[in-house]
Structures are given as C-alpha cells and as structure tokens.
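Presented below is the structure to which this report refers.
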Amino acid sequence: MENEAGALSRVAGLFTARGYNIESLTVAPTDDPSLSRMTLVTRGTEEIIEQITKQLHKLVDVVKLQDMTDGAHIEREMMMVKVSVGDGKDREEMKRLSDIFRGNIIDVTDNIYTVELTGSADKIDAFVSAIPVPIIEVVRSGVIGITRGEVSLSL
Amino acid sequence: MELTGADIFVQCLKDEGVEYIFGYPGGAVLHIYDALYRQEQVKHIMVRHEQAATHAADGYARSTGKPGVVLVTSGPGATNAVTGIATAYMDSIPMVVITGQVPTSLIGNDAFQEVDSVGITRPCVKHNFLVKDVNDLADTMKKAFYIATTGRPGPVVVDIPKDVTALKTEYHYPRKVSMRSYNPVTKGHTGQVKRAIDMLMTAKRPMIYSGGGVVLDNAAAELTGFTRQLNFPITQTLMGLGAYPATDRQFLGMLGMHGTYEANLGMHNCDVLIAIGARFDDRVTGNVEKFCPTAKIIHIDVDPASISKNVKVDVPIVGSVGHVLKEMIKLLKADKRSPDEEALAEWWKQIEEWRALDCLKFDTSSKLIKPQAVIQSLYEVTGGDAFITSDVGQHQMWAAQYYKFDQPRRWINSGGLGTMGFGLPAAMGVQLAHPDATVACITGEGSIQMCIQELSTIRQYGLPIKVVSLNNGYLGMVRQWQEFFYDGRYAMSYMESLPDFVKLAESYGHIGIQVKDPADIEGALLEAMKQKDRAVFLDFVTDPEENVYPMIPAGAGQNEMILV
Ligand SMILES: Cc1ncc(C[n+]2csc(CCOP(=O)(O)OP(=O)(O)O)c2C)c(N)n1
C-alpha cells in the first residue's frame, strides 16, 4: 500500500467497522520507499475472506493485494522470549531446547536468558509450550509471508 | 505567478467548473473566505448549520450528477458536517468537503477548535486527505474530485490547515490524475455478460430489480431500453426510483419493506433475477434466508464489494451499469433466441392478478386528511414534473409510493442513512441547480424541525421551495413500529409543543398555509405552486394514526407482507 500517513488506520478501521478480526498485522516500508507492505492474518469462511479482500481492495491506499493462502507460500514470525533461569539445570535445558528449535540466546544475565526464534507461527507456539522454565515476557512480531516461486506481489 | 494556498484553492474550484460552494465560515478558513470574497465566479451559499451545507451540496449533486462542494471550519464546523458526509457516503453521492484545520504547528496539541477531522470522517468517506504542504494542494484537490466522481462515487474530505492556506507557491492544476492504487473498472467482463444473456433467455419468471446505481451512472435510458426490449417486469429500490418511468406498465412499483404487493411477490416467485446497480440492502431483502428462494441471480455493479455481500449471486458482472447495459442491449439485438413467450405471458398474467389487489388503495372518504391523498394531489398539481426531496419517516415512504417519478434525479432522499433533516437543505441545493423548476420538500413535523433554521437561508437566496409537511403530530414511523411491535406503548413518539408553522414560516419571510380539510388539499397546493418566487410552507394536518402499507416486518420474507 501507499506509504502514507493514515493508511494503516484505514485498514485497521475497516476491520473494526465491519467486525472482522485481525490475528496479527505487520507493516513496514519496502525497497521502494513510497510503498509499505502489510501482512495481515485473519480467519473466516470463504465468503468472509472474499468480502475482506474486496473491501481492502477498495481502500484507495491499497495498491495490490494477495491472499497468500491461495497458493504455496512461506510464513515467518519472529519471537523474543525472556525466561527465568535460576540454576545450572534450567540454563542447560533452555540452551538445549533453543538449539533444537534453532533459536539464539541473545541476552544473558545471572537469572535471565533472552531467546530469539524465527519460524512459522506453529513452530513458535510449539517452542513456547515446551519451555521448561518460568516465562517472564514474550514478544512476537506477527507473521510476514511471501509466495513461493515465480509468483510475486511486486508492481 | 505564486499564489497563496487560499487562492490556489479557489482557483482549483474554478478549474473544476464549480458553480456553488455551500459553507459556513470560521477561524481556520478565514484566508479561504477572503479569497472567495475577492472573486465572483464561484458562488458561496451561506447556510445556517454545517449539516445543512452538506445536505444542500448533496441535493445539488443528486439532482445534477455533478459533485457537491462544501466548505466548513475546523472543530465544530467539521463535526457538524459529519452527518451530511455519512448521508452522502451511504448513498454514494459525489461530494468534496473541505474542512479547515488548525495550523500544522498546532496539530495534535488540543488546539482551539481542533479535531482529528481525517480520523472522525474516515469510516464515512470514500477517501480523505490532510494537506500538510501547500505544494500538494492543487494535486490533492484534483485527486479529491477524481475519486469523488469516478467508480462508485462518494464523499471525499480534504482537511487543510490554516497555515497551508497562507503559504505561497506556483499554481498548476493537473489536467489528469493517475493513481496506481485506484483504477475503477467500467467495462464488464464479456464472458460474464454472455452468461447473463444465456440465463435471461431461459427465464420463465424473470424480474429486473434496479437501484440507485442506475441513477448515479446516468443509465436510465439504457435501463429503459433493456427492460422494454425484454418485456420483463421491473421493480426499483427507494434509491432507484425514476430511472425507469413509474407510469409504465412494466413497472411494478418499489420493492422492499414498504414495497408493493406485486413487486415483492414478483421477487419472491421469480426464477431469474437481474439486479442492476442495487446492493441487496436489508430494507430490500428482508430476511436473506427467505430472499428470492427460487431465483438464479445476475448482479451488475461497479463496486465488486457489493456483489455477493449480502446475497450470493450466480453471475456477477463488475462494471459501470451503463456500459454493461449497452453491451447487453447490443448482444440481445444480435441474439437469435428470445425468452419463452408463453411462459412470460403466463407470468404477466400472474403479476396482473397481484396488481389487481391494488395494495396502495386508501380510504378516500375520511374527514381527516390522508397523507397519501396529499402526495397524490401534489403529483397531479405538478404534473409529475417536479423535483421532490424528502425527509425520513412515513412521509418519505408515501412520497416514494404515490409520487410517480418518470425521470431520474427527481427523487432526492436519504435512503441509506435515513437522515431526518435532509429534505429542506437538500431542496436548497436542488433549487439552486434548477432555478426554474418546481422543487418540493415532503417532510413531517418531526424531520422538518431538524434543519428548520434553513428557512432563513432559503429567504436569503430567494429560493421558491415548497415545503409539504405532513403533520401527523407524531414521529409517525416510530409510532407505527410501536403500534405494531410494542403493543401501542408510544414512548417519546408524540410531538409535543409544536410551533405554529404558519407563523414560523411568516417570521422567516415566507408564506405559511395550514390545511385541515381534505377538500382544501388541491386548492392549497395550487395556491402554493402559483408562488413562483416565494417559498411556501404547507402544514397539512393529517390523520395521526395512518400507517404505511404494505409492510414486511423485520426478519420476515418478501411474501409475508402486512397489507392493511
Ligand atoms: C436524525 C435521525 N434521528 C432519528 C431517526 C429515527 N426516525 C426514523 S423515522 C422517525 C420519525 C420521523 O417523524 P416525522 O418527520 O414527523 O415523519 P413521519 O414518520 O411522521 O412521517 C424517526 C425519529 C432518524 N431517521 N434520523
């Protein structure tokens, strides 16, 4: 969409006004600074998704729109999680779990590990539920996605 | 030459060919008012409330097809305009509304008369802009007019901070706009159009259901040609009236909650339905589960989001209705097939039986004035050749049922939002656009009081509007629902302490006439119509308990009408 002030609130406003739910939403400028790319995750019947697609398309700021789930695509989300690691055993277990999921420990104090993990939302959910130590804080980026192969959303 | 933002703004209006701008001044727009003062081409109409400015511009737009233009100040000026903006939005009316804003340096400071106009209007505009740089002003104005008038039309708000109207820059008005993110379609998909023709050819019980989109697209001639060519029955929505001549045999009257028996039963029993520039509003469909249970549906609309929104359709055609109908007419002419004549004759026979019930008949022997009789008489007295604006309530439905509109853009009412207070200011816009035409505002004693201050504007500009008030002493439509669905508990629907409308009209410098006897209806209307350069307020004291029939109660199917 156009990288214009207010574009994001138009999208968010549309969802609240029409009673659609937003599971996650990410937005940032692209390699073309006049354009932002937004990835929005929502759920609904086929009819509802069709309506959402049409209504989004109608927004004057929206340049191009693609339902990623129409074809093969890759989804990624990033998470940072701060956990309490009181003793050596906690540390060891947390380190091992993070290795299994190919996460990185990016900050360490006497009592805290902060782990960074990237992957599909499912993988992140699985990691969170496997964490054996007390969780202090979780931050997730929301999902971004891109189609596989030749198909592309560029202009 | 360098111009100030204010002069650029006025120059943009001139380059757009704007005749009238409806507005109300205030601090944030003083530079603009000064620029308007220093020229004569764009005429400013000074209303008495910003809501009226938007409705007047809206009436101007509906009756001409040209965009209405509004200018209001920041803060309360902008918030007062919101009702009119939302009204235009719901009915897809092209309008450009300029709101003043506090200087850019103060935005976000809770400055005096600051509101987030772009934020407040976002859900009820087609698009809106905040102009932060005078160098963007001309471009933005061009885009605003372009967006407002193309595709599915709608209101566009341009919010201009005060400092932007004082700064100077070179003026160029762009001749064209192209926006990568906004490309409305016009031509329908040929394959779909052909599928639609095939479906029409198989129809045994067809129905045409057309709406405001036909009026907006100036496609009345195409609709009429198409309908006549097929000899199909046609019904129209509240917003569509006039696109197909109401006096024609093929017209079954309006459909929906207060539609005719024949139109609603036609819908309920049809096997092929073609919806043209209509959006399956809940006031039309009733219970969607029970809507047109046996029909295959074709839907032509310029807005893809209107298609399969409320009712799933079989053949969607996205395109301007005028374009698509032209193509269909051409294809039909070339087609060797024709619809099943025998089945069609059978269908017409059935429809005539429904029509014979005469669902709009009413008591003509009453000693009280029946509101329907007033509308009928207005129709006769004006020879059907008037612009009729309306407010919202029972009177609106009676106007739609009993005034037979043979031409588009003659019936001006708030269908989507149902805004009481719309009628009188809308009539101002209509009368300015058509100075020699008869313009009547059909209203109720409730609605008229929502923008009654405009009687002053009407006086100032010498607009000879005829106010036809059906004074039943009740918020009639509310009373009707309370009678039907709340066991007659008339909570807050009785209109207490009404003014003497005759004196009120006179105090504004108009003529006031009160009518109480059915025998005087025609005389009073004739007298009013004789006043070519005076506004007349006709206060018809009507039967307080008259109801609008037929009625489909909320949640019921089209075949479940209450008749009388
Ligand atoms: C601004 C606004 N407020 C409330 C309503 C709800 N409403 C719909 S019809 C109606 C009654 C209108 O009364 P009146 O203008 O006297 O017309 P009548 O129905 O008696 O013909 C009301 C209150 C509305 N449509 N618009």
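A, B, ... follow the sequence lines: proteins, then strands. Residue 1 opens every chain. The analysis underlying the following values was restricted to heavy atoms, covering all of them including side chains, and did not include hydrogens, waters or symmetry mates. Note that the structure is a prediction, hence the values are computed from the model and not measured.
Looking only at side-chain heavy atoms (C-beta outward), B:Arg180 and A:Glu2 come within less than 4.5 Å of each other.
Here A:Lys54 contributes atom NZ and B:Asp303 contributes atom CG; the two are 8.5 Å apart, rounded to the nearest 0.5 Å. Taken to the nearest 0.5 Å, the OG atom of B:Ser181 stands 9.5 Å off from the CG atom of A:Leu35.
Between B:Lys309 and A:Glu47 there is no salt bridge, since no side-chain nitrogen of the basic residue lies less than 4.0 Å from a carboxylate oxygen of the acidic one.
In this structure, A:Lys64 places its NZ atom where more than 12 heavy-atom neighbours from other residues, nucleotides or ligands lie under 6.0 Å away. Surrounding CG of B:Asp110 are at most 12 heavy atoms belonging to other residues, nucleotides or ligands under 6.0 Å away. Residue A:Arg102 qualifies as open at atom CZ: its count of foreign heavy atoms under 6.0 Å is 12 or below. The number of heavy-atom neighbours closer than 6.0 Å to NZ of B:Lys296, taken from other residues, nucleotides and ligands shown, is 12 or below. The environment of A:Leu97 atom CG is dense: over 12 non-hydrogen atoms of other residues, nucleotides or ligands sit within 6.0 angstrom.
Comparing A:Arg10, A:Lys58, A:Gln51, A:Met1 by heavy-atom pairs within less than 4.5 Å of chain B, the highest count is held by A:Arg10. Ranked by non-hydrogen atom pairs under 4.5 Å with chain B, the options A:Ala17, A:Gly13, A:Ser9 are led by A:Ser9.
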A:Asp61 and B:His127: CA distance, side-chain angles, deciding distance, side chain to side chain contact (heavy atoms under 4.5 Å, CB included) verdict: CA-CA 9 Å; A:Asp61 287 330; B:His127 197 60; 3.7 Å; yes
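Closest heavy-atom contact between B:Arg122 and A:Gly6: NE-O, 4.3 Å.
For A:Val60, the parts lying near chain B are the backbone and the side chain together; criterion is any non-hydrogen pair under 4.5 Å. With a threshold of 4.5 angstrom between heavy atoms, B:Asn183 does not approach chain A through any atom at all. In this structure, chain B has no heavy atom under 4.5 Å from any part of A:Glu4.
Listed by sequence position, the residues of residues 129-138 of chain B in contact with chain A number zero, using a 4.5 angstrom heavy-atom cutoff.
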